[in-house]
There are 2 protein chains.
Amino acid sequence: MINPKVIERLILYRRSLLMDGEARSGQIYSHEMAVLAGVSAPQVRRDVMAIGYSGSPITGYDRQALLRALGEMIDPPEPESVALVGVGDIGRGILHYFQGRRPRLAIAALFDKDPDKVNRVIHGCRSYPVEEIARVVPSLKIRVAIISVPGFAAQDVADRLVNAGVRGILNYAPIRLKLPEGIYIENRDVILSLEKIAYFARQT
Amino acid sequence: MINPKVIERLILYRRSLLMDGEARSGQIYSHEMAVLAGVSAPQVRRDVMAIGYSGSPITGYDRQALLRALGEMIDPPEPESVALVGVGDIGRGILHYFQGRRPRLAIAALFDKDPDKVNRVIHGCRSYPVEEIARVVPSLKIRVAIISVPGFAAQDVADRLVNAGVRGILNYAPIRLKLPEGIYIENRDVILSLEKIAYFARQT
DNA sequence: AGGATTTTGTTCTTTATTTCACAAAAAATC
DNA sequence: GATTTTTTGTGAAATAAAGAACAAAATCCT
Ligand SMILES: NC(=O)c1ccc[n+]([C@@H]2O[C@H](COP(=O)([O-])OP(=O)(O)OC[C@H]3O[C@@H](n4cnc5c(N)ncnc54)[C@H](O)[C@@H]3O)[C@@H](O)[C@H]2O)c1
Ligand SMILES: NC(=O)c1ccc[n+]([C@@H]2O[C@H](COP(=O)([O-])OP(=O)(O)OC[C@H]3O[C@@H](n4cnc5c(N)ncnc54)[C@H](O)[C@@H]3O)[C@@H](O)[C@H]2O)c1
């Protein structure tokens, strides 16, 4: 298994390749990829090595082949569904932005406590009461979830999700969730980020 | 200067202390803090050492004194203003959530290209056309900014901000900004995060 | 008062990550 | 066809981060 930092860069490389103007085919050098992704060239080569793809000296990497190799590592073998819990401002923002961006990864179920936000279709996505997590998540084979509920509700929601089979969580609530071993979690909190950035911004 | 990982944990310690129920005063041990923040106890002690505060054997750390020491490191000496560029779904979500949460850190100016979103007051915050960045940012002494514009506009916005004096950026646009040395940047992209999480979630 | 106990501060190890540097390979040139 | 050039793949070195361990300190208990 590949480690988180490497995976993150691999995803970045793919995006850089896809966004790099017209040039979808032809060759590309590690140092060119390095510039696109904002990392060093040896780093690129080592990371590419990790997915088993080989370039060739002088001509570098074949864009198509590299993209294919990256896709095989990054993309789920078959389409995968994501759950989003907490259809508030930030939840809807994410839903709106994310939907349709990745072919094999889509938000497939929404959950909320508010009766007004439940049993509806929002951005083409069905919403359910949180109590239905235990039923809906397994039935859609969901393993990835986004939590965007207020802090006080996040631990309860996380427990429900994990019990229903979720193995990876993107958490926007400002608390540190206690989860069993083996659940992959990533925390995203604006306040923490801004305090950090402000600290470095003032160390002139 | 303290490194980013340490600062992030210090911020986390403070939040954990503030959120830890009623117990605002009295003592706390490094291993208790470790549990609250989800890190190891030696890590806590090492980090606390970095801010120059000392606990005492047996009684541990004094909560009040530790909070004060953390605040001195984390908080800006005087109130600091943040700019937010791109008052769309995600921008408004952040504004709504962030405003009023931190005493010395507040979003003080909004910028957008859309004439309908400009020269208004949104969540108690004045909005300006992007062209005004060069004037407003220096006049408010803003050094921290949030970018939540579409990807294609992000580099231009970043350049304007940096030219106007911004030293730290929280970037929600899905591109890697090219910035001069010394500008602190943090990227936040849901798509990248979810692809990463999905990868680990399926490595059962 | 003195020993037992517990926790901090800090050094020393270990582990992880990145960069350096260069041999091997392949295309281009003469 | 030999030589030059350039780039990959990767071992070795450097750097960074985390953990283990323990002496010194301070409270508690007898
Ligand atoms: N990291 C970030 O960038 C960021 C930004 C904004 C907000 N947030 C966090 O996300 C949370 C949501 O923010 P928001 O601005 O969207 O708030 P919001 O109030 O607009 O939305 C919260 C939603 O969660 C629902 N909810 C509440 N309790 C629930 C429960 N137990 N189960 C299911 N749903 C429940 C509410 O009905 C509401 O729809 C905030 O508490 C904040 O912690 C994070
Ligand atoms: N990281 C995340 O979690 C996340 C989530 C959603 C969106 N996003 C990113 O943030 C961006 C904004 O997302 P959104 O859903 O709010 O989109 P949106 O279209 O609702 O908002 C974009 C805003 O930016 C403004 N804008 C466009 N060009 C501009 C320019 N040159 N200068 C100033 N303002 C400009 C628009 O007028 C609009 O108000 C998206 O492109 C996406 O890349 C990130």
Side-chain angles (χ1 to χ4, degrees), chain A residues 1-13 16-17 23 25-70 73 176 181 184-185 187 196 200, chain B residues 1-13 16-17 23 26-70 73 176 181 184 186 196 199-200 203:
Chain A
M1 204 202 333
I2 295 175
N3 82 47
K5 293 199 171 176
V6 175
I7 276 288
E8 180 157 339
R9 286 193 300 264
L10 291 171
I11 294 169
L12 194 57
Y13 300 153
S16 306
L17 280 171
S25 61
Q27 305 290 119
I28 189 167
Y29 297 131
S30 60
H31 66 261
E32 294 174 312
M33 302 233 322
V35 172
L36 291 178
V39 302
S40 74
Q43 182 84 267
V44 170
R45 295 203 293 275
R46 191 173 287 279
D47 289 340
V48 168
M49 238 176 59
I51 58 172
Y53 174 72
S54 279
S56 84
I58 296 296
T59 50
Y61 301 105
D62 182 80
R63 292 175 120 105
Q64 295 282 333
L66 179 52
L67 274 172
R68 214 173 314 122
L70 286 167
M73 186 56 63
R176 237 54 180 185
E181 276 296 296
Y184 187 83
I185 175 120
N187 295 292
K196 180 155 75 151
F200 289 105
Chain B
M1 204 207 329
I2 295 178
N3 84 48
K5 293 201 170 176
V6 175
I7 276 288
E8 180 157 340
R9 285 192 299 265
L10 291 172
I11 294 169
L12 194 57
Y13 300 153
S16 305
L17 281 172
Q27 305 289 121
I28 189 168
Y29 296 132
S30 61
H31 65 262
E32 294 174 313
M33 304 232 323
V35 171
L36 291 178
V39 303
S40 74
Q43 183 85 81
V44 170
R45 295 203 294 274
R46 187 183 293 279
D47 291 339
V48 168
M49 239 177 59
I51 58 173
Y53 174 72
S54 279
S56 86
I58 296 294
T59 50
Y61 301 105
D62 181 79
R63 289 175 123 106
Q64 295 282 330
L66 179 53
L67 275 172
R68 214 173 313 120
L70 285 167
M73 186 57 64
R176 237 57 181 183
E181 275 297 295
Y184 187 83
E186 208 145 299
K196 182 157 70 151
Y199 173 84
F200 289 105
Q203 317 292 318

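Predicted, not measured: the structure shown is a model, and the values here were computed from it. Naming: A, B, ... by sequence-line order, numbering from 1 per chain.
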Provide, to the nearest angstrom, the distance between the [atom1] atom belonging to [X] and the [atom2] atom belonging to [N].
| X | N | atom1 | atom2 | value |
| --- | --- | --- | --- | --- |
| B:Asp47 | C:dT8 | CG | P | 14 Å |
| A:Met33 | D:dT8 | CE | C1' | 13 Å |
| A:Ile28 | D:dT6 | CD1 | P | 19 Å |
| B:Met49 | C:dT7 | CE | C1' | 15 Å |
| A:Ile51 | D:dT10 | CD1 | P | 13 Å |

Checking [X] side chain against [Y] main chain: does a donor-acceptor pair fall under 3.5 Å?
| X | Y | result |
| --- | --- | --- |
| B:Tyr199 | A:Ile2 | yes |
| A:Glu32 | A:Tyr29 | yes |
| B:Arg63 | B:Gln27 | yes |
| B:Tyr61 | B:Val48 | no |

*Picking from D:dG9, D:dT5, C:dT6, which would you name as closest to the side chain of A:Ser54?*
D:dG9
_Proximity to the side chain of B:Pro57 - top-ranked nucleotide from C:dT7, C:dG9, C:dT18_ = C:dT7
Distance below 4.0 Å between [X] side-chain N/O and [N] OP1 or OP2:
| X | N | answer |
| --- | --- | --- |
| A:Tyr29 | C:dA27 | no |
| B:Asn3 | D:dA17 | yes |
| B:Ser40 | D:dA18 | no |
| B:Ser30 | C:dT7 | no |
| A:Thr59 | D:dT7 | no |
| B:Tyr53 | C:dT8 | no |
| A:Gln43 | C:dT17 | no |

*Measure distances between side-chain N and O atoms of B:Arg45 and base N and O atoms of D:dG19, and say whether any donor-acceptor pair falls under 3.5 Å.*
no
*Side-chain donor/acceptor of A:Arg46 to base of C:dT19, under 3.5 Å*: yes
_Please find the pair of heavy atoms, one from B:Leu12 and one from B:Ala37, that lie closest to each other, and give the distance._
CD2-O, 3.7 Å
*Identify, between B:Tyr61 and B:Ile58, the residue whose nearest nucleotide on DNA chain C lies closer to the 5' end.*
B:Ile58
